[in-house]
Amino acid sequence: MTDGPDDLAFLAESLDRVEAAMARLDAGTYGTCDHCERDMDSATLERDPATTVCTDCAQARIGD
Ligand SMILES: [Zn+2]
């Protein structure tokens, strides 16, 4: 692993996402899509535990 601005930015963003996921755990909304408010399936959460949107919404948002 190299130390560079890009890596630091990535780590900072990752930390933000993990903290946001923990806040959602506290609030009881973890695993619920921020966009359509449906429950996300476990495969989605396993692939990216800190995700905030379901697969459908993530795909729909590509190109925003
Ligand atoms: Zn969704």
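What you see is a predicted model, and the numbers here were worked out from it, not measured in a lab. Just so you know, these numbers use all the heavy atoms, side chains as well, and skip hydrogens, waters and symmetry mates.
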Legend entry - Nearest-0.5 Å distance, CG of residue D41 to CZ of residue R47: 7.5 Å
Legend entry - Short side-chain to backbone donor-acceptor contact, T44 and M40, under 3.5 Å: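 Such a contact is absent between T44 side chain and M40 backbone.
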Legend entry - Side-chain donor or acceptor of Y30 paired with backbone N/O of A23 under 3.5 Å: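 Not confirmed, Y30 side chain does not pair with A23 backbone.
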Legend entry - ILVMFWY network linking L15 to M22, side-chain heavy atoms under 4.5 angstrom: no
Legend entry - Min side-chain heavy-atom separation H35-C54 under 4.5 Å: no
Inset, instruction - Could you check if a side-chain atom of T29 sits within less than 4.5 angstrom of a side-chain atom of E37, using non-hydrogen atoms only? - result: no
Inset, instruction - Just do the side-chain contact (heavy atoms from CB on, under 4.5 Å) check on R17 and T52 with the steps written out, would you? - result: CA-CA 9 Å; R17 298 179 79 232; T52 57; over 6 Å; no
Legend entry - Partner residues of D39 under the side-chain contact (heavy atoms from CB on, under 4.5 Å) criterion, sequence neighbours left out: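 For D39 the side-chain contact (heavy atoms from CB on, under 4.5 Å) partners, ignoring immediate neighbours, are T32.
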Inset, instruction - Locate the shortest heavy-atom distance separating P49 from A21; write the atom from each residue and the value. - result: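 Heavy-atom minimum between the residues: O-CB, 4.4 Å.
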Inset, instruction - Return the minimal non-hydrogen interatomic distance between L45 and G31, and the atom names on each side. - result: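 Smallest interatomic distance, heavy atoms only, reads CD1-CA, 3.9 Å.
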Inset, instruction - Name all pairs fulfilling the side chain to side chain donor-acceptor pair (under 3.5 Å) condition that reach into residues 18-27, sequence neighbours left out, sorted by first residue then second. - result: none
